*Asks:* 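What follows is a structure written as structure tokens; I'll ask about it next.
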Protein chains: 2
Amino acid sequence: MNSWIQQLRKGLAEFFVLSVLEKEDLHGYAVLQVLSKLETMALTESAVYPLLARLRNGGYIACRSEKSASGPPRRIYTLTIEGKLRLRQMREYWAELGLDLKRIQGKQREKDGN
Amino acid sequence: MNSWIQQLRKGLAEFFVLSVLEKEDLHGYAVLQVLSKLETMALTESAVYPLLARLRNGGYIACRSEKSASGPPRRIYTLTIEGKLRLRQMREYWAELGLDLKRIQGKQREKDGN
DNA sequence: ATGTAGTATATCGCTATGTGTAGTACCAGT
DNA sequence: ACTGGTACTACACATAGCGATATACTACAT
């Protein structure tokens, strides 16, 4: 089960991070804390930071540096136009996925032949 | 986007295959055909067959051989008790995932800064 | 000044898994 | 014999989460 969840997070992590950043501009450590409060998507640093770097390289988020009073400087990330588009596409895919899942679950083993 | 979908399938594939097998006992090739009709989860042979082997090694599905009139003998797979349990756990996790997703999307950026 | 703790980011090796490609084998129709 | 559909297997490759580790800045206690 644990391994399944780990595999499921591949890809889902991106969806969640973009969703979090849509709501609010945040730095990596803050994203980490938001996600760690969720039962289902408690990612670790070694997932979040590389993911943010990938999203940035892909042009889906932009970042600015900001000094912190409580530690080293932060990198605040914001969704770009492309990031918003991507997030919209992800939501569409997600909705389709739910439909397809219901589609194959829908015709449950009935008492008819087939 | 395509790469994202590929990553998303890691883990999701298992969920879909178990769901298909819950509905009906099927052989690998038939599972492949069912999934290939879905927009979102059109897996290839090189994903489905190893996945079935893994699920079988894990004790989540059992298989029996059956002669086919249209080709080589088939391996018909059935969900075991453990498989059904796992599927139930997956559904719970899936539901939780949906809630968590709504949770972080819920407090959307209000109509302030925009 | 040294140590500890929390904040903040980055990197390495490991592992699991979907994909592309190719191969094997069985059957039917031409 | 050839072609095409059925049914399954195997291998190299790329992706990405995870544990462990490293670095560095700040604050506070010893």
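Given the structure is predicted, the values throughout are model-derived calculations rather than measurements. Lettering follows sequence order; numbering is per chain, from 1.
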*Asks:* Please name all residues satisfying side chain to side chain contact (heavy atoms under 4.5 Å, CB included) with B/Arg88, sequence neighbours left out, ordered by chain then number.
*Replies:*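 With neighbours one apart ignored, the set is B/Leu85, B/Glu92.
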
*Asks:* With a 4.5 Å cut-off on side-chain heavy atoms, are B/Leu38 and A/Leu101 touching?
*Replies:*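 No; the side chains remain at least 4.5 Å from each other.
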
*Asks:* Applying side-chain hydrogen bond (donor to acceptor under 3.5 Å, both in side chains), name anything that partners A/Ser68, two or more places apart in sequence or on another chain.
*Replies:*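 side-chain hydrogen bond (donor to acceptor under 3.5 Å, both in side chains) list for A/Ser68, sorted by chain: A/Ser70.
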
*Asks:* Can you pull out every ring pair (Phe, Tyr, Trp, His ring centres under 6.0 Å) where at least one residue sits in residues 65-106 of chain A? Sequence neighbours excluded, please.
*Replies:*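 Sorted result for residues 65-106 of chain A: A/Phe15-A/Trp94, A/Tyr93-B/Trp4, A/Trp94-B/Trp94.
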
*Asks:* Looking at C/dC26, I'd like to know if its phosphate oxygens (OP1 or OP2) sit under 4.0 Å from a side-chain N or O belonging to B/Arg74.
*Replies:*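 It does not, given that no N or O in the side chain of B/Arg74 lies less than 4.0 Å from OP1 or OP2 of C/dC26.
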
*Asks:* Specify the separation, in whole Å, of atom CZ of B/Arg75 and atom C1' of C/dA25.
*Replies:*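 After rounding, the gap between these two atoms is 13 Å.
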
*Asks:* Is there a chain of hydrophobic side chains (I, L, V, M, F, W, Y, each step under 4.5 Å between heavy atoms) that links B/Ile81 to A/Met1?
*Replies:*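 No, B/Ile81 does not connect to A/Met1 through the hydrophobic network.
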
*Asks:* In the 5'-to-3' direction, what one-character label does each nucleotide of nucleotides 12-22 of chain C receive under the scheme B = base within less than 4.0 Å of a protein heavy atom, S = sugar-phosphate only, - = no such atom?
*Replies:* ----BBBBBB-

*Asks:* Give the minimum heavy-atom separation between B/Leu8 and A/Gly11, together with the two atoms involved.
*Replies:*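 Looking at all heavy atoms of both residues, the shortest contact is CD1-C, 4.1 Å.
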
*Asks:* For the pair made of NZ in B/Lys67 and P in C/dC27, what is the distance, rounded to whole Å?
*Replies:*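 Whole-Å distance recorded here is 9 Å.
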
*Asks:* Please table the atom pairs, donor to acceptor, closer than 3.5 Å between any side-chain atom in residues 46-61 of chain A and protein atoms at least two apart or in another chain.
*Replies:*
| residue | atom | partner | partner atom | Å |
| --- | --- | --- | --- | --- |
| A/Ser46 | OG | A/Thr44 | OG1 | 3.2 |
| A/Asn57 | ND2 | A/Ala53 | O | 3.3 |
| A/Tyr60 | OH | A/Arg86 | NH1 | 3.0 |

*Asks:* Between A/Arg91 and A/Ser19, does the side-chain contact (heavy atoms from CB on, under 4.5 Å) criterion hold? Intermediate values first, please.
*Replies:* CA-CA 10 Å; A/Arg91 288 201 174 116; A/Ser19 294; 4.0 Å; yes

*Asks:* Only pairs at least two apart or in different chains count here, so list each salt bridge (Lys or Arg N to Asp or Glu O under 4.0 Å) that has a residue in residues 71-84 of chain B.
*Replies:*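 Matches after skipping sequence neighbours: none remain.
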
*Asks:* Which residue pairs pass the side chain to side chain donor-acceptor pair (under 3.5 Å) test when at least one of the two sits in residues 27-43 of chain A, sequence neighbours left out?
*Replies:*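 Output for this query lists A/Thr40-B/Asp100.
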
*Asks:* Give the rounded distance in Å between these two atoms: OH of A/Tyr29 and P of C/dA10.
*Replies:*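 Rounding to the nearest Å, OH of A/Tyr29 and P of C/dA10 are 15 Å apart.
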
*Asks:* Where do A/Leu12 and B/Leu97 come nearest, in terms of heavy atoms and distance?
*Replies:*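 The pair with the smallest heavy-atom distance is CD2-CD2, 3.2 Å.
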
*Asks:* Quick check on contacts: within residues 55-66 of chain A, what sits under 4.0 Å from DNA chain C by heavy-atom distance?
*Replies:*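 When residues 55-66 of chain A is checked for heavy atoms under 4.0 Å from DNA chain C, there are no hits whatsoever.
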
*Asks:* Would you give a per-nucleotide map of nucleotides 23-30 of chain D, 5' to 3', where B means the base has a protein non-hydrogen atom under 4.0 Å away, S means only the sugar-phosphate does, and - means neither?
*Replies:* -BBSS---

*Asks:* Between A/Tyr49 and C/dA10, is there a side-chain N or O to OP1/OP2 distance below 4.0 Å?
*Replies:*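 Answer is no, no contact under 4.0 Å.
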
*Asks:* How long is the line joining CG of A/Leu26 and C1' of C/dT7, in whole Å?
*Replies:*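 Checked: the CG to C1' distance equals 15 Å.
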
